[in-house]
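First the structure, in the form of structure tokens, and then the observations on it.
Side chains included, hydrogens not; waters and symmetry mates left out as well; all remaining heavy atoms used.
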Amino acid sequence: MAGVSETCALVAVERGGYAYHVNLYYFERRDGTWQGGFVERMVEIPRSLGQMREVIYSPRGGTG
């Protein structure tokens, strides 16, 4: 799942196997370049971009 605007992107990447999880990535466009990377790991598939945003901006997330 991914959501992209002119200035930011939220991306969820599933990692299968024994230790299944979903990696969340956040990128921002600053001065014409995309910057960012891995932010948080989830153990379940996100149901919406809103849920991804909540996890990323939560106190234990990387940008909150």
Side-chain angles (χ1 to χ4, degrees):
M1 178 184 300
V4 180
S5 74
E6 292 181 19
T7 58
C8 67
L10 298 174
V11 181
V13 178
E14 289 182 89
R15 300 294 207 179
Y18 177 73
Y20 176 86
H21 62 275
V22 178
N23 285 341
L24 299 181
Y25 298 86
Y26 178 78
F27 300 93
E28 280 186 307
R29 188 171 184 175
R30 294 184 189 164
D31 301 322
T33 28
W34 288 96
Q35 301 172 11
F38 175 79
V39 176
E40 184 64 77
R41 179 174 289 153
M42 295 179 70
V43 294
E44 61 185 34
I45 298 171
R47 295 182 304 271
S48 67
L49 289 172
Q51 183 185 19
M52 287 172 54
R53 186 177 185 277
E54 287 175 14
V55 170
I56 288 173
Y57 285 104
S58 72
R60 79 170 242 216
T63 62

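- Residues passing the side chain to side chain contact (heavy atoms under 4.5 Å, CB included) test with Thr7, sequence neighbours excluded: Ser5.
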Give every donor-acceptor pair under 3.5 Å between a side-chain atom in residues 46-55 and any protein atom, sequence neighbours left out.
from: Ser48; atom 1: OG; to: Gly50; atom 2: N; distance (Å): 3.4
from: Ser48; atom 1: OG; to: Gln51; atom 2: N; distance (Å): 3.1
from: Gln51; atom 1: OE1; to: Arg47; atom 2: N; distance (Å): 2.5
from: Gln51; atom 1: NE2; to: Glu44; atom 2: OE2; distance (Å): 3.3

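- Interatomic distance, CE of Met42 versus CD1 of Ile56, reported as 9.5 Å (0.5 Å rounding).
- Each salt bridge (charged side-chain N to carboxylate O under 4.0 Å, His left out) pair with one or both residues in residues 16-38, not counting sequence neighbours, appears once here: Glu28-Arg30.
- As a member of the Ile/Leu/Val/Met/Phe/Trp/Tyr network built from side-chain separations under 4.5 Å, Phe38 groups with Val11, Val13, Tyr25, Phe27, Trp34.
- Pairs of residues two or more places apart, or lying in two chains, never qualify as salt bridge (charged side-chain N to carboxylate O under 4.0 Å, His left out) while including a residue from residues 4-25.
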Going through the distances and angles, do Leu10 and Leu24 end up as a side chain to side chain contact (heavy atoms under 4.5 Å, CB included)?
CA-CA 7 Å; Leu10 298 174; Leu24 299 181; over 6 Å; no
